Structures are given as C-alpha cells and as structure tokens.
Amino acid sequence: MILIHPDRETLSFAAAELFVREARQAVAERGSFVSLLSGGETPRRAYELLARAPLRDQVPWKRVHLFWGDERCVPCDDPRSNYRMVREALLDHLPIPPSHIHPITCEGGADAGAAWYEAELRAFSHGGIPRFDLVFLGIGEDGHIASLFPGSRLLGETERLVAVATRENEAIQRVTVTVPVINQAALIVFLVSGEGKAPIVREALAGMREMPARLIHPVDGKLFWLLDEAAVRLAQEEGEGDLT
Ligand code: 6PG
C-alpha cells in the first residue's frame, strides 16, 4: 500500500501514529510489541513525535521491545551512531525498561558485534527468525536499505540474520540485519521523504531495475510505503502504481 503525505512533518506524524496503533494492538493481542527501527535522517522526526504527548502517553512502553536494523561501528555517542539518534530523539524521553532496548554494538569488533546481535535475535525468537510487529525502513538514493547496498553479496544471504557490511568509500564497518529478517515481519514500512529520493522511488515502485529495496516482500505480512509529495513526484508524473 502506498500512502502519500504533503510533507515530511505530516509523513512523520503518520509514521508515529502508525507505531502507536500497531503497538497498542500487538500488546492487546499478544502482550508485547517488538519493533525494528531504521537509522538515517528520515525517521528522526517520527521518533521525536513519539517521544512527547499526546502520542507518547498512548503507547504501553513497558511492553515494547526495540531493535535496530543496522549500525555503524562507531562509539555509541558518535553522531553517526543510529543508537545515539534514536536515544536522543526517543529513548531519553520514555519510560521504557532498559532491558527492552536492544542496540547493535560493535564492542570487540564488527564480526563479534554481528555474531552477538545474531544471538540476541535468535534468543528472542527461540532460535528462529524473529517476527517483528513493525519494521521501519529508509531507502538510500542508490536503493539501499539498512546497510544492504547494491551489489553486496549479503543481498543473497539466507542463513545469517545479521552480518558485517561495508559501504564503498567508507572507512568504517557496519552491522546489518539481512533480508530474511525484514521479510519475516508482520508490517514493513518504508519512510521516504524529499525530492532527492524521487528518482529511486520512481524506479523502486515501477520495478525498473534491481536494487536492495526490491528484495522486500513480506513472507506473511504487509508492506506500506509512506512517502511525501516531493519523494513521489517523479513516480506520479509517470503514473506508476496506484499513486492516488
Ligand atoms: C542508516 C540506514 C539507511 C537509511 C537510508 C536512508 O543507518 O543510514 O539505516 O539504510 O535508512 O540511508 O537514510 P535517510 O533517511 O537519511 O535518507
């Protein structure tokens, strides 16, 4: 399903409201809500809105578990850290038990960090692939998702849940979940904002070429694209999909 909002603020509010709705429903039905969060700039505002009234007070935070889709191997207070971004925007303002916060860490190196996070995910799902209630994803201008970049061998990964990734021309290593983890989720939501994303959104929605984002097909769940008008403009001009 494709949902278009006028601008980043309304998109962010819609994403935050969706989180609230899914969290309340999951807790009512199953007693807990487990979400995989995206880094990047786009979701930051949604996290900020979730961190304050009225939305903050509508979430049963003590029943919420938060995981990360990817992380750069940098100290946790580094401005490039996805954990730091989410902590500042969201976690610092919530009554969420610390044991329910599951950041990726690279203590001991990227390989050790990936192995540890794999064990963390497996432990949370009795050895299998966790079924997240909600996954937020961004998309890069090259079609990457989490830290799964075009051309990466990790795109075909079927065994590992978590792996070390590198990005061309970037010195640091990263740790990322793999495609099967994302596709196992009950609800996957792309958050995409701004005219810089318009070309890749057009290509992604039209299936014009292969890219990591095109590997996302929930096994037994739903896929939403939350876009703002700037991001969807080129796709709309070509009349791709059901862009109403
Ligand atoms: C990250 C990501 C990455 C991100 C996209 C889009 O940590 O950077 O998880 O996949 O979602 O690069 O990023 P923006 O929202 O900043 O455009």
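Ligands are counted one by one from 1 in listed order, and the atoms in each one are counted from 1 as well. The model shown is predicted, which means the values in this text are computed figures rather than measured ones.
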Protein contact to atom 16 (O) of ligand 1 [nearest heavy atom, distance to 0.1 Å] | E41 N, 2.7 Å
OG1 (T166) and CG (L154) are apart, to the nearest 0.5 Å, by 8.0 Å
Indicate, as side chain, backbone, both or neither, the part of E71 found under 4.0 angstrom from ligand 1 when only non-hydrogen atoms are considered.
-> neither
Within the 4.0 Å heavy-atom cut-off, what I139 brings close to ligand 1 is backbone
Out of G138, A146, G194, the nearest non-hydrogen contact to atom 10 (O) of ligand 1 is supplied by A146
Parallel, tilted or perpendicular: which describes the rings of F33 and F19, with under 30° parallel and over 60° perpendicular?
-> perpendicular
Can you tell me if S38 has a non-hydrogen atom under 4.0 Å from ligand 1?
-> yes
What protein heavy atom is closest to atom 2 (C) of ligand 1, reported as residue, atom name and distance in Å?
-> D70 OD2, 3.5 Å
closest protein heavy atom to atom 17 (O) of ligand 1 is K197 NZ, 2.5 Å
Closest non-hydrogen protein atom to atom 13 (O) of ligand 1, residue and atom name please, with distance?
-> G40 CA, 3.8 Å
Parallel, tilted or perpendicular: rings of H65 and H100 (30°, 60°) | parallel
Considering only heavy atoms of I145, which atoms of ligand 1 have at least one such atom less than 4.0 Å away?
-> 10 (O)
Protein contact to atom 12 (O) of ligand 1 [nearest heavy atom, distance to 0.1 Å] | H144 NE2, 2.7 Å
In a check of side-chain contact (heavy atoms from CB on, under 4.5 Å) between D142 and each of M211, R167, E168, which one passes?
-> R167
Which protein non-hydrogen atom lies closest to atom 15 (O) of ligand 1, naming both residue and atom, and how far is it?
-> T42 OG1, 2.4 Å
Just by distance, with hydrogens left out, do D70 and T176 show a side-chain donor and acceptor under 3.5 Å apart?
-> no
Enumerate the residue pairs fulfilling side chain to side chain donor-acceptor pair (under 3.5 Å) with a member in residues 11-23, sequence neighbours excluded, ordered by first and then second residue.
-> none
Partner of E48 under side-chain hydrogen bond (donor to acceptor under 3.5 Å, both in side chains), picked from R44, R45, R52, is R45
Which word best sums up how the rings of W225 and F190 line up, parallel for under 30°, tilted for 30 to 60°, or perpendicular for over 60°?
-> parallel
Connected-component partners of V74 among ILVMFWY, side-chain separation under 4.5 Å | I172
Shortest protein heavy-atom distance from atom 8 (O) of ligand 1, along with the residue and atom involved = R72 NH2, 2.7 Å
Find all atoms of ligand 1 within a distance of less than 4.0 Å from any non-hydrogen atom belonging to N82, and give their numbers and elements.
-> 1 (C), 7 (O)
